[in-house]
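Within every chain, numbering begins at 1; the chains are lettered A, B, ... in the order of the sequence lines, protein sequences first and strands thereafter.
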Amino acid sequence: MDLKKVEDPRSGDVSPYTPFTKFCLNSLPSLSNFSIRAEEAEVIIKEEEKDDETNIPCGCSRTKCLKLYCDCFSNNRYCMNCHCKNCKNKPEFEELRDRAKISTIERNPAAFRQDISPTYKACHCKRSGCKKKYCECYEANRACTANCKCEGCKNLPVG
DNA sequence: GAGTTTGAAACT
DNA sequence: CAGTTTCAAACTC
């Protein structure tokens, strides 16, 4: 799927992001902690082009697929062939989607950032022993680390 | 397929 | 921050 290109009527620049979005990205104080600006954010936040075969369909029903609960949204993918309801994670809702993305980054500056190692992630499991896919460490095929706050962990490093 | 359990994400 | 609620998926039956 090709990115929708938007021409800025003032500068004539052509970009996959609207001037509004660029403004918001440049204005985000939380992003400054990571020393990125709109040009970099555009690269980081650009859509991954995935075909229908590789797209794992979601089944969201209450979040319009605009929260990190949605696996498509959290992986920076448009929903394709999903069975979600009231989905706004589609190119035709670009501005609403961009706003949601910005709100998400404000809450969690690491969101959508594939360049930040996921190993910092720590689980907080209590009942799964970190041996079921409820546990993000287990799901990612990683042993839990000292950073995890899990209880009764059975997902320990070998040795 | 319906109902339950789970823990990340969101919210207060 | 911590505690609570919401959420969608994992899981169970």
Side-chain angles (χ1 to χ4, degrees), chain A residues 1 17-18 20-36 38 40-158:
Chain A
M1 182 184 299
Y17 287 89
T18 62
F20 165 78
T21 301
K22 282 185 158 186
F23 170 79
C24 291
L25 289 169
N26 266 328
S27 301
L28 275 179
S30 54
L31 281 177
S32 63
N33 295 334
F34 286 83
S35 302
I36 64 170
E40 295 168 88
E42 280 191 46
V43 175
I44 291 158
I45 300 178
K46 79 177 174 59
E47 315 307 331
E48 283 201 25
E49 297 185 29
K50 304 219 174 174
D51 60 29
D52 292 357
E53 278 69 30
T54 61
N55 189 45
I56 299 166
C58 74
C60 308
S61 58
R62 305 179 71 90
T63 61
K64 305 169 188 174
C65 300
L66 294 180
K67 303 270 190 187
L68 292 178
Y69 296 123
C70 176
D71 200 54
C72 303
F73 183 76
S74 69
N75 285 298
N76 210 4
R77 296 191 317 259
Y78 292 118
C79 284
M80 291 182 290
N81 297 335
C82 299
H83 46 281
C84 40
K85 306 278 193 300
N86 196 20
C87 180
K88 299 290 187 295
N89 183 29
K90 292 180 175 171
E92 55 263 45
F93 304 107
E94 179 189 344
E95 180 158 331
L96 181 66
R97 184 174 182 273
D98 282 348
R99 286 173 175 272
K101 208 180 274 188
I102 290 162
S103 299
T104 299
I105 293 169
E106 284 178 323
R107 277 193 298 273
N108 174 11
F112 312 114
R113 300 261 332 245
Q114 294 180 312
D115 58 322
I116 295 177
S117 167
T119 57
Y120 79 96
K121 279 194 175 184
C123 74
H124 304 77
C125 305
K126 288 179 170 25
R127 307 184 63 85
S128 68
C130 303
K131 278 292 193 181
K132 295 188 174 180
K133 291 177 83 175
Y134 298 124
C135 174
E136 289 200 330
C137 300
Y138 179 83
E139 163 123 56
N141 248 314
R142 285 189 288 102
C144 289
T145 71
N147 295 329
C148 294
K149 303 290 192 294
C150 41
E151 298 173 12
C153 182
K154 296 185 173 60
N155 183 30
L156 302 170
V158 289

Under 3.5 Å, is there a donor-acceptor pair between the side chain of A:Lys64 and the main chain of A:Arg62?
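No: the side chain of A:Lys64 does not pair with the backbone of A:Arg62.
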Quick check: closest heavy atoms across A:Arg97 and A:Lys90, and the distance to 0.1 Å?
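Result for this residue pair: CD-N, 4.1 Å.
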Show your working on side chain to side chain contact (heavy atoms under 4.5 Å, CB included) between A:Cys130 and A:Cys123 and close with a plain yes or no.
CA-CA 8 Å; A:Cys130 303; A:Cys123 74; 3.8 Å; yes
Does the protein touch nucleotides 5-12 of chain B at the base, only the backbone, or not at all? Give it as B, S and - per nucleotide, heavy atoms under 4.0 Å.
BBSBBSS-
Check the phosphate of C:dT6 against A:Thr63, side-chain N and O only, distance under 4.0 Å to OP1 or OP2. Yes or no?
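No, because none of the side-chain N or O atoms of A:Thr63 sits under 4.0 Å from OP1 or OP2 of C:dT6.
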With sugar-phosphate meaning primed atoms plus P, OP1 and OP2, does A:Ser61 contact a base, only sugar-phosphate, or nothing at under 4.0 Å between heavy atoms?
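Contact class for A:Ser61: sugar-phosphate only.
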Please evaluate residues A:Cys137 and A:Cys148 with respect to the criterion side chain to side chain contact (heavy atoms under 4.5 Å, CB included), reporting the C-alpha separation (whole Å), side-chain torsions for both, the decisive distance (0.1 Å), and the verdict.
CA-CA 9 Å; A:Cys137 300; A:Cys148 294; 3.7 Å; yes
What is the distance, to the nearest angstrom, from the NZ atom on A:Lys131 to the P atom on C:dA10?
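Rounding to the nearest Å, NZ of A:Lys131 and P of C:dA10 are 18 Å apart.
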Do A:Pro91 and A:Tyr78 have side-chain heavy atoms sitting under 4.5 Å apart?
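Yes, side chains in contact.
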